[in-house]
Amino acid sequence: MSQPHEYARENADQFRQQLHDLLRIPSVSTDPARAGAVQEAAEWLADNMRRAGIENVKVYPTSGHPIVYGDWLHAEGAPTVLIYGHYDVQPADKADGWIDDPFNPIERDGKIYARGASDDKGQMFIHVKAVESILKTVGKLPVNVKYCIEGEEEVGSPNLPKFLKEHQDLLKADVCVISDSGILSKNQPSIVYALRGILALEVEVRGPAIDLHSGMYGGAVHNPVQALAEIIAQLHDQDGHVTVPGFYDDVLELTPEERAELKKTDYSEEEWIKMSGAPRAWGEPEFTIRERIGARPTLEINGMAGGFYGDGIKTVLPARAIAKITCRLVANQDPQRIFEAIRNYVMRITPPSVVAEVRQLKGSGHPVQVDIDTPAMQAAVRAYEKGWGKAPVFMREGGSIPIVADFQQTLKVPVVLMGYGLNTDGAHGPNEHFVIDMFHKGIDTAIHFLYEVAN
Ligand code: BES
Ligand code: ZN
């Protein structure tokens, strides 16, 4: 075992204690009341990076939450690795079904339980500890590294594209590595080569000017909640295909070779039922489950509201109803084009007895597909072989990291997605956790990756 790996092993407990400290800071980016905590997390991270030996660490303010930058640039002639991650987290409330306080990390059954443990504090921290392990033993890195760790990923990275444009020299790199996605299983490492994009919108349906007495008006005024349900019901067919005209026009079809490779990462009906807790799998029958989540776009109703839903009864004919929708997009769909297709279709199917408005919301992102034949990918493959003792398989995932497309387009840097999250980690849900083994194996693999990139 090399010195950096020995250091990582000897300091394993300390690394986890530090991660606990970060997890204790409730850096929920969407909650204005937590803005102070988001700032605190940025400063905590900057301080930890400085102690790791990372230089020029700076907390850059934005018009939202800050970006933490740092670098180590003394590997003359060697490539530069840009490390991206996020220190912000999704909201979490004990009442959502958490066994313990989401911001009081607890280790149980080989897992660290806390909001952000897997997505993404635990995964992002892997890259700080990997670099520390090399710097504290060897004294120098085999490559140059730069960190760009943001605090707004979970709200769609609204301020990062501008930061990238304004700091192209600062962030210039030969490869960008990101650990904010999944791994197939504990025993089978994987490299993600496609992530879905995202488009967020809302549909508002208005009927009468104000809430009406359902006895006095009901039957002769179209109920907006009903009208919205009628519209929503026309967005999919019986087989789960989206019925919006043009929705699938730009979808890049899978090749037979890709479908064969993806078979290795598919789920059985039983596994899917167990993982999701749903009575059965659902969706486009001509595609496998992995293909449905990794290679097909979706139109998801995130929530509907309108009228009365309190205790007891209220005989109201509500004045308005609203639905929140997000679409997951795949290459080569364009969020703007898809928004227009949905808006046109909704306007066309809205009956004249109500008025509909379709509004795009902030937080859209292009889908991502990365080339698997790059030298950086080969370095990642070798790093997994060394860190896991097994070659990784290539897979697609359904989640989104909105800034990845900007890394490709603005910085023109190839991206490697080396995720360590398991589908069962409970990301965004109650009792989120990170498997301790994944954290330590991740550090080992990240150390190997830096040496492999140097070759
Ligand atoms: N880590 C996830 C992205 C992810 C999830 C990648 C699953 C691969 C598999 C990230 O933190 C996330 O949750 N992104 C949001 C972005 C949205 C808020 C714009 C998402 O996918 O919902
Ligand atoms: Zn997330």
Side-chain angles (χ1 to χ4, degrees), residues 23 27-31 38 41 64-65 84-92 102 114-127 149-161 177-185 190-201 265 267 275-276 289-290 292-295 297-300 302-303 324-330 335 338-339 360-370 394-407 415-430 432-434 438 442:
L23 291 168
S27 48
V28 179
S29 50
T30 195
D31 183 355
V38 180
H65 301 304
Y84 165 82
H86 62 99
Y87 64 83
D88 66 317
V89 299
Q90 286 273 319
R115 170 58 84 230
S118 172
D119 183 7
D120 177 44
K121 287 174 174 173
Q123 294 202 55
M124 170 276 293
F125 202 49
I126 280 172
H127 294 282
I149 314 292
E150 71 156 318
E152 299 190 307
E153 194 276 345
E154 297 291 8
V155 290
S157 306
N159 293 294
L160 193 49
V177 62
I178 304 175
S179 296
D180 187 26
S181 53
I183 187 159
L184 190 59
S185 77
S190 53
I191 298 179
V192 171
Y193 69 94
L195 289 173
R196 291 195 286 191
I198 192 159
L199 160 70
L201 56 123
T265 68
Y267 298 100
M275 276 167 45
S276 65
I289 294 178
R290 171 65 63 193
R292 288 178 213 170
I293 59 168
T298 63
L299 189 158
E300 204 78 54
N302 303 121
K324 294 269 189 179
I325 296 173
T326 47
C327 291
R328 295 284 170 174
L329 309 176
V330 300
I338 297 299
F339 171 72
Q360 187 173 354
L361 302 176
K362 268 202 239 161
S364 68
H366 283 80
V368 173
Q369 208 159 309
V370 302
F394 286 97
M395 76 168 178
R396 288 170 164 265
E397 278 206 310
S400 309
I401 308 176
I403 202 63
V404 176
D406 295 74
F407 280 131
V415 175
V416 182
L417 299 162
M418 300 178 78
Y420 303 103
L422 290 165
N423 255 342
T424 44
D425 282 354
H428 294 204
E432 177 180 349
H433 55 266
F434 196 26
M438 295 290 131

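Just follow the structure's listing: the first ligand is 1, and inside any ligand the first atom is 1. Because only heavy atoms are used, hydrogens play no part in the values below, and waters and symmetry mates are left out as well, while side chains stay in.
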Nearest-0.5 Å distance, CD1 of residue Ile149 to CZ of residue Phe125: 11.0 Å

Close approach of His428 to ligand 1, heavy atoms, under 4.0 angstrom: yes

At a 4.0 Å cut-off, with the gap strictly under it, does some heavy atom of Asp119 reach an atom of ligand 1? yes

Please identify which atoms of ligand 1 are closer than 4.0 Å to at least one heavy atom of Leu195. 6 (C), 8 (C)

Measuring from the heavy atoms of Gln123, does anything fall under 4.0 Å of ligand 1? no

Would you confirm whether Asp88, through its side chain, and Glu153, through its main-chain N or O, come within 3.5 Å as a donor-acceptor pair? yes

Donor-acceptor check, side chain of His65 to backbone of Ser29, threshold 3.5 angstrom: yes or no? yes

Closest approach of any protein heavy atom to atom 9 (C) of ligand 1, naming residue and atom: Glu397 OE1, 3.1 Å

Under the side chain to side chain contact (heavy atoms under 4.5 Å, CB included) rule, what do Leu184 and Arg290 come out as? Steps first, then yes or no, please. CA-CA 11 Å; Leu184 190 59; Arg290 171 65 63 193; 3.5 Å; yes

Please identify which atoms of ligand 1 are closer than 4.0 Å to at least one heavy atom of Ser181. 6 (C), 8 (C)

Check all N, O or S atoms of Asp119 and name the one closest to the Zn ion (ligand 2). OD2

Among all the protein's non-hydrogen atoms, which is closest to atom 18 (C) of ligand 1, and how far away is it? Glu154 O, 3.4 Å

Quick one: nearest non-hydrogen protein atom to atom 6 (C) of ligand 1, plus distance? Asp180 O, 3.5 Å

Distance col, row Lys324:NZ vs Leu201:CG, nearest 0.5 angstrom, shows 9.5 Å

The Zn ion (ligand 2) and His86: any N/O/S contact shorter than 2.8 Å? no

Judged by atom type as modelled, is there a donor-acceptor pair below 3.5 Å linking the side chain of Gln123 to the main-chain atoms of Ser118? yes

So, the side chain of Glu154 versus the backbone of Gln90: is there a donor-acceptor pair under 3.5 Å, distance only? no

Looking at Ser181, is its backbone amide N or carbonyl O close enough to the side chain of Glu397 to form a donor-acceptor pair, meaning the two atoms are under 3.5 Å apart? no

Output the atom name for the N/O/S atom of Glu154 with the smallest distance to the Zn ion (ligand 2). OE2

Could you identify the single nearest non-hydrogen protein atom to atom 7 (C) of ligand 1 and state the distance to 0.1 Å? Gly399 CA, 3.9 Å

protein heavy-atom neighbour closest to atom 16 (C) of ligand 1 works out as Ser400 O, 3.6 Å

Between Asp120 and His86, is there a donor-acceptor pair closer than 3.5 Å when you use the side chain of the first and the backbone of the second? yes

For ligand 1, indicate whether the residue Val192 contacts it via side chain, backbone, both or neither (heavy-atom separation under 4.0 Å). neither

Write out the residue and atom name of the closest protein heavy atom to atom 19 (C) of ligand 1, then the distance separating them to 0.1 Å. Pro402 CG, 3.7 Å

Where is the nearest protein heavy atom to atom 17 (C) of ligand 1: which residue, which atom, and how far? Ile198 CD1, 4.1 Å

Looking only at protein heavy atoms, which one is nearest to atom 22 (O) of ligand 1, and what is the separation? Arg328 NH2, 2.8 Å

So, Thr326 side chain and Ala200 main chain: donor-acceptor pair closer than 3.5 Å or not? no

Flag side-chain contact, heavy atom, 4.5 Å: Met395 against Tyr193: no

What are the atoms of ligand 1, with element, lying closer than 4.0 Å to any heavy atom of His86? 11 (O)

